[in-house]
Each structure stands twice: as C-alpha cells, then as structure tokens.
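Just so it is clear: chains get the letters A, B, ... in the order the sequence lines come, proteins before strands, and each one is counted from 1.
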Amino acid sequence: MSAPDVDTTRGFLGRTRDIFARMGRHDLWLSFRSKPVVIVAAIVAGVLILSALAAPLIAPHDPYDMASVSLLYAELPPAWVDGGDPAFPLGTDLQGRDMLSTILYGSRTSILVGAAAVALSLVLGVAAGLVAGYGGGVVDSVLMRIADIQLTFPAILIALLFDGVVSAIFSHGSSDQYALLVIILAIGVSNWVLFARVVRSSTLVEKGKDYVKAARVTGVSSLAILLKHILPNTLGPVLVIATINLALAILGEATLSFLGVGLPPTQPSLGTLIRIGNEYLFSGAWWMTIFPGVTLILLVLSVNLLGDWLRDALNPKLR
Amino acid sequence: MSEDILAPVLEVDNLHKWFDVSKPPLQRLIERLPRQTLKAVDGVSFRIERGTTFALVGESGCGKSTVAQAVAGLHKPTRGAILFEGIDRDLPRPDGSRPELQMIFQDPFASLNPRWRVRDIIAEPLRVHRLTRSRAETRAAVAELLEQVRLSPADGEKYPHEFSGGQRQRISIARALANKPKFLVCDEPTSALDVSVQAQILNLMKRLQRELGLTYLLISHNLAVIYHMADELGVMYLGRLVETGPAREIFNRPRHPYTQLLLDTIPDISLDRPHRTFLKGEVPSPIAPPPGCTFHPRCPHANDRCRTEPPRLESFGGVKVACHAVGEGRIVPAVREWRPAARRTPVRRVSPVARPA
C-alpha cells in the first residue's frame with residue numbers, strides 16, 4: 001500500500017488534495033477511525049481545549065472584569081435549579097463571578113501550565129535518560145545520583161524551593177508577571193526524574209540489542225543511533241507517563257496556588273477553583289467545586305485515553 | 001588485483017580481549033578483593049583467505065562470539081591486532097573509510113529495529129555511506145537486495161514482526177549486503193532458526209558467497225553447520241585455539257583430545273560407534289582458568305606436564321594443534337569413518353541436524 005508520490009505537475013490545489021488523500025490512508029488515521037472510545041476522547045479533549053483557548057470569545061462574562069462582578073449575584077445555583085439565574089448557566093461563586101466563565105478561563109491556565117510543565121519535564125527527562133543509559137559509566141552515575149537525591153524530596157517541595165529561589169530573584173514587585181513562567185518551570189523541573197528513569201531503563205535494554213550492534217557495525221554515528229533507533233523504542237511508556245503527568249502537573253499547580261506561591265487569586269485555574277469550592281461543599285454550594293472538578297476529570301481522562309491509544313497505534317506490533 | 005587474491009582478507013594476530021569484571025571499587029576496598037579480569041579471548045591468531053569460510057567452533061563461553069565482535073569492531077582488542085586487507089581495523093584511516101565488513105546476528109528477532117519498515121532497515125547502510133543519490137535509486141537498490149535473498153520487493157513495506165525467523169534472517173542478510181561488503185561476520189546465523197529453515201539460510205549464504213565472492217567468518221556451536229559450510233576450522237576452548245586447519249582434515253582426523261570428544265558428541269542414528277566417550281564436566285571459569293593446558297581437568301590424557309606448562313600450537317600435517325600429548329605422540333589421530341553415501345549427497349539436501357556426514 002505504498003502511497004503515490006505527490007504529483008508536482010498539477011497545481012497547488014491538486015497537490016494539497018494528494019497530501020490529504022495520503023493522510024487519509026495513513027495507518028494512524030485508520031487506527032483512529034476504528035476505535036469509537038478514542039474518537040469520543042478526542043472530541044471531548046478537543047472541545048475542552050478549544051473552548052479554553054477561545055475563552056475570551058465564548059465566555060458569557062469576564063471574570064477578570066471587577067466592574068461587571070456584583071456581590072448581589074454571589075452564590076447563585078445553576079440555572080436549572082430553583083433560584084438560579086439564566087444569565088449564569090452554572091451558577092456563581094462567592095464573589096458573584098459566573099462559574100462557566102471562570103471554568104473556561106481556569107482551564108485555559110491549567111492546560112497551559114500542565115502542558116508546558118509536562119513538555120519541559122519530558123524533554124529534560126528523556127534527554128537525561130538517553131544520555132545516562134547510552135553513555136553509562138560516570139555520566140550515568142552522576143545523572144542517576146542527582147535523580148536519586150531529587151526523589152528523596154517530594155516533588156512539591158522541589159517546586160516550592162524552585163519557586164522561592166526564582167521569586168527572590170524577581171522580587172521587585174513584578175513576581176505576578178512571572179508567576180505563570182515560574183510555576184511552569186517549578187513543576188517541570190520537579191517531575192523530570194520519572195521520565196529519566198523510565199527512558200534510561202529502556203535505553204539500557206535497547207542498546208544491548210542486536211539491531212543497535214548492527215547499526216554500529218554499519219558505521220551509524222552514536223547520535224543517530226540514539227535518536228533514530230533507541231529513542232523511538234523508548235517512547236511508548238513515555239507517552240503514557242506524559243498523559244498521567246499532565247493530571248499531576250495540573251494538580252501540582254493547584255497545590256502550589258493553595259500554598260500561596262502559585263498563581264495569584266486574580267488568575268483562576270481549575271485547581272484553585274476546586275480548592276476554593278471545596279470549602280463550601282458542605283454549605284450546599286456544590287456547584288462551585290463539582291463543575292470545575294468534572295471539567296478536570298474529563299480533561300485528564302480524555303487525554304489519558306488518547307495517550308494510551310497513541311502508544312498502541314505507534315507500536316507496529318499491535319497495529 | 002592478482003596479488004590481492006592471494007593475500008588474506010582478514011588476519012587476526014595474537015588477539016586478546018579481557019574484560020574487567022571486578023566488584024565496584026568501594027566494595028573491593030572494604031572486602032580486600034583483588035581486581036578480576038575475564039580472559040574471554042587469550043591469544044588467538046588465524047587468517048582467512050579471500051572467498052573462503054573460516055569457522056570457529058566451541059562450547060558456550062569459549063570466546064568465539066567475542067572474537068566475532070572484535071572482528072566486527074564492536075570490541076576493541078585488549079592486545080593484538082586485527083588486520084583487514086592488511087590494515088589494522090581499529091586504526092582510523094586517512095581517507096576516513098571503514099573496513100568493508102558486515103555482520104549477521106544470531107537472533108533475527110532482535111537484530112531488526114521493530115519500528116522500522118524493512119525497506120528502511122535495508123536502506124540504512126546505503127544512506128549512511130551515501131551510496132545512492134536519489135530516493136528512486138535507493139528504492140531500486142532495496143528491491144534488488146530483497147530479490148537477492150529471495151524475498152519480494154513488496155515485502156519492503158512491511159515491518160519485521162510480519163515475518164518468520166527465516167525471513168527475518170534473510171532481511172538481515174540483505175541489510176548486511178547493502179553496502180557491498182567483502183567480508184561477513186556470521187555469529188551463529190542459524191542457531192535461532194527452525195531446523196527446516198536452517199538449511200535454506202545456509203544454502204543462501206553459500207550461493208551468495210559463490211556469486212559475490214564473499215569471505216565468511218562463521219561462528220557456530222553446531223558441528224553439522226560447520227561441516228556444511230567451513231573450508232577452514234578453528235576449535236576454541238577457554239579463549240584459545242586448540243586446533244586449527246582445513247575443516248575436512250579436522251573432521252576426518254581430529255587430533256586434539258577436545259576436538260575428538262567434541263566430534264564424539266554428535267548424535268549417531270546408526271549407533272555404530274559403541275565407544276563414544278562423552279565430554280564430562282563443565283568449562284572452567286575464564287576468570288580463574290586452570291594452570292598449564294586449560295583443558296587438563298577434563299582431558300583423559302592429561303599428565304603432570306599438561307597441568308603445569310601451557311601447550312603452544314604446533315603443526316601436524318597441515319593442522320595446528322596445541323596439545324602436549326599429541327606432540328609427544330601419546331595420542332594418535334582418531335580416524336573417523338564418515339559415511340561415503342552421505343558425502344555423495346548433494347550439499348543442499350544435507351539437513352543440518354543430521355550427522356554431518
């Protein structure tokens with residue numbers, strides 16, 4: 001089923017159509033189409049991420065705009081419950097902010113922090129794991145001892161430490177400006193160890209295999225062996241860890257915000273919404289914590305399912 | 001070119017490969033342990049003429065695979081040299097070229113990257129050495145290689161797991177042939193395969209040797225495979241060669257007691273050799289080899305000299321043997337009666353599990 005080469009004699013439209021036709025026959029797309037659960041997960045994740053990105057356009061209210069917020073509307077239940085106001089479909093919080101809008105803006109922050117932090121720990125961890133596993137010897141010992149030391153501290157402590165150090169450097173009143181960047185760095189740096197360990201162990205397994213020896217006999221450079229042979233064979237578990245880590249990163253951000261070193265309260269995130277709402281759960285205002293919670297669960301679950309599928313779809317043996 | 005034909009393609013000169021297997025430094029210091037070296041290969045020399053097959057045989061752990069990997073460049077020799085066409089293979093060459101040498105591995109399930117399509121696997125040597133100029137040229141070269149090993153060019157689109165062990169071994173042979181090497185190191189190329197497939201692979205190797213003028217270094221513990229393939233033979237024991245020479249001569253007149261015992265272990269369906277003696281005991285540890293001749297604990301002919309003085313390889317009628325008992329005339333070559341009927345059988349019908357005669 002070799003795909004035909006792109007026909008360069010036809011115009012731009014023809015070429016574009018050819019590229020799409022080739023994509024339509026790609027293994028990944030075929031595997032995607034045959035799995036209803038994956039399609040649902042992709043739709044849910046897509047809707048959540050897109051609506052979060054488009055929050056300023058689709059949100060009925062602006063939670064940052066203090067002028068539009070009124071305590072008169074505080075603690076309103078969702079619209080379909082007695083006493084609800086149709087202007088606030090999911091109810092309002094303590095300050096009278098619209099829950100739907102805060103959730104939309106909140107997931108924007110959460111997704112950004114989670115994705116960026118996971119990407120950072122993934123890059124750091126995979127690079128360290130590959131180098132340690134393939135290099136061996138002193139490099140391996142040094143990198144893994146650093147990882148061991150870091151593992152003895154809870155990740156949140158590392159993040160706190162990092163956050164503290166960076167905030168001290170940028171202490172000239174502008175820390176709110178850098179809060180987002182600092183929290184991404186803090187969470188990213190505190191989570192690389194897991195990636196490094198997993199990648200190192202599979203690198204150790206893969207580098208002893210005969211296909212790596214065959215590449216060495218052929219004269220393939222070490223860098224090419226690492227990137228083209230070993231890396232693709234270690235990425236399976238990494239994808240799954242990354243999706244689980246996305247949930248952990250979002251929760252980590254919530255914890256840091258709770259401890260007061262994360263994002264300022266003026267910048268809502270799913271984690272802070274859940275935590276604040278949690279305090280009013282027993283006073284009957286269930287909507288304040290349930291809706292952000294459900295959003296977080298849906299987001300994490302759908303991303304996890306997609307990660308699981310991607311791991312299987314990228315493994316030729318299961319195709 | 002004329003003198004090239006006579007010169008050996010490969011010359012292994014006094015090859016040593018020792019591995020440091022000491023405990024970690026801290027533990028050594030506390031428990032006052034000495035450093036330990038594993039002498040996997042301990043002074044092996046041989047040469048391989050162009051277009052021939054040199055086989056190394058021996059039990060597990062005798063160092064034959066280490067020799068193969070050193071020849072392929074996967075291990076740097078501790079001492080000694082490996083000359084490929086007269087040039088030390090481990091020295092960088094002024095023109096940046098590499099020895100034209102490839103390797104076939106034992107386990108066809110581990111020697112192909114599971115995430116690469118077969119066409120990419122076979123094309124890798126072409127890409128690395130920039131032997132083709134365009135994508136179409138690479139594709140044509142891959143198709144030709146696949147046909148050379150009796151696979152279909154359409155198989156290039158598949159992944160390794162879609163093939164059987166024998167087909168995978170064909171793929172790894174195709175990859176090994178891609179950059180047109182002169183020399184192939186074959187480390188147990190058939191021992192992971194079904195018996196019915198072994199003969200196909202061996203015959204493919206023979207045909208390729210004939211057609212392309214290849215030279216083989218064949219590693220095997222299967223005497224039947226060696227009988228089928230080898231021109232020259234080296235018998236290894238604990239990192240040393242104990243007997244080396246023309247394969248037929250060694251099979252017909254094994255001189256070294258180890259070779260004799262090794263050949264005796266070949267199962268014989270007709271049961272006409274009632275005096276078979278089996279090889280007793282285990283190979284001693286190469287970390288602490290026995291003094292003198294390393295074979296003496298298992299040798300029925302060992303005397304005091306064997307227990308103290310290591311024997312050197314000496315020539316006996318075209319064959320070199322390292323044994324005091326042979327040198328002193330204490331043992332005579334055992335003459336084997338290989339079945340003439342089996343010898344007349346065309347080579348391609350000899351099943352590699354049957355008695356190699």
Side-chain angles (χ1 to χ4, degrees), chain A residues 1-6 8 22 25-28 30-31 134 136-138 140-141 144-145 202-239 310-319, chain B residues 24 65 68-69 71-75 89 96-129 135-136 139 153-154 156-162 168 171-172 175-176 178-179 181 183-185 187-188 192:
Chain A
M1 43 158 267
S2 103
D5 273 340
V6 177
T8 45
R22 274 205 296 179
R25 262 173 296 150
H26 197 270
D27 301 337
L28 215 55
L30 294 176
S31 146
Y134 195 71
V138 181
D140 183 26
S141 301
M144 284 304 113
R145 288 307 79 76
S202 22
T203 303
L204 283 177
V205 173
E206 297 298 325
K207 86 165 175 180
K209 286 195 179 163
D210 284 347
Y211 71 86
V212 173
K213 288 187 192 161
R216 281 172 59 200
V217 172
T218 302
V220 183
S221 69
S222 293
L223 188 67
I225 289 178
L226 263 183
L227 296 181
K228 288 181 174 176
H229 283 286
I230 295 179
L231 180 63
N233 281 300
T234 57
L235 279 187
V238 168
L239 277 175
L310 200 60
R311 176 196 55 178
D312 291 348
L314 291 179
N315 184 350
K317 281 185 199 162
L318 296 175
R319 207 174 271 164
Chain B
S65 279
Q69 302 204 342
V71 168
L74 293 170
H75 288 313
R89 74 138 3 266
S97 68
R98 300 172 55 87
E100 293 167 88
L101 165 157
Q102 274 287 5
M103 186 159 177
I104 302 171
F105 294 88
Q106 173 176 5
D107 183 1
F109 292 87
S111 60
L112 306 173
N113 188 338
R115 287 181 185 267
W116 284 28
R117 283 181 202 274
V118 167
R119 61 172 145 86
D120 297 322
I121 292 174
I122 295 176
E124 187 176 38
L126 298 171
R127 277 197 302 267
V128 171
H129 298 286
R135 207 183 277 192
R139 199 176 300 168
E157 295 302 321
K158 298 184 190 163
Y159 286 90
H161 72 271
E162 297 173 56
R168 283 162 170 242
I171 294 166
S172 70
R175 170 181 58 190
N179 55 343
F183 189 92
L184 282 188
V185 180
D187 189 0
E188 307 257 14

Within this structure, what is the [atom1]-[atom2] distance for the pair [X] and [Y], rounded to the nearest 0.5 Å?
{"X": "A:Y211", "Y": "B:R115", "atom1": "OH", "atom2": "CZ", "answer": "9.0 Å"}
{"X": "B:I121", "Y": "A:H229", "atom1": "CD1", "atom2": "NE2", "answer": "8.5 Å"}
{"X": "B:I104", "Y": "A:D210", "atom1": "CD1", "atom2": "CG", "answer": "12.0 Å"}
{"X": "B:N113", "Y": "A:N233", "atom1": "CG", "atom2": "CG", "answer": "4.5 Å"}
{"X": "B:D187", "Y": "A:K213", "atom1": "CG", "atom2": "NZ", "answer": "8.0 Å"}

Legend entry - Closest contact, heavy atoms only, B:E124 versus A:A215: OE1-CB, 4.2 Å
Inset, instruction - Locate the shortest heavy-atom distance separating B:A110 from A:K209; write the atom from each residue and the value. - result: O-CB, 4.1 Å
Legend entry - Contacting region of B:L112 [heavy-atom separation from chain A under 4.5 Å]: backbone
Legend entry - Atom group of B:Q69 that falls short of 4.5 Å from chain A, counting heavy atoms: side chain
Inset, instruction - Please say whether more than 12 non-hydrogen atoms of neighbouring residues, nucleotides or ligands are located less than 6.0 Å from NZ in B:K158. - result: yes
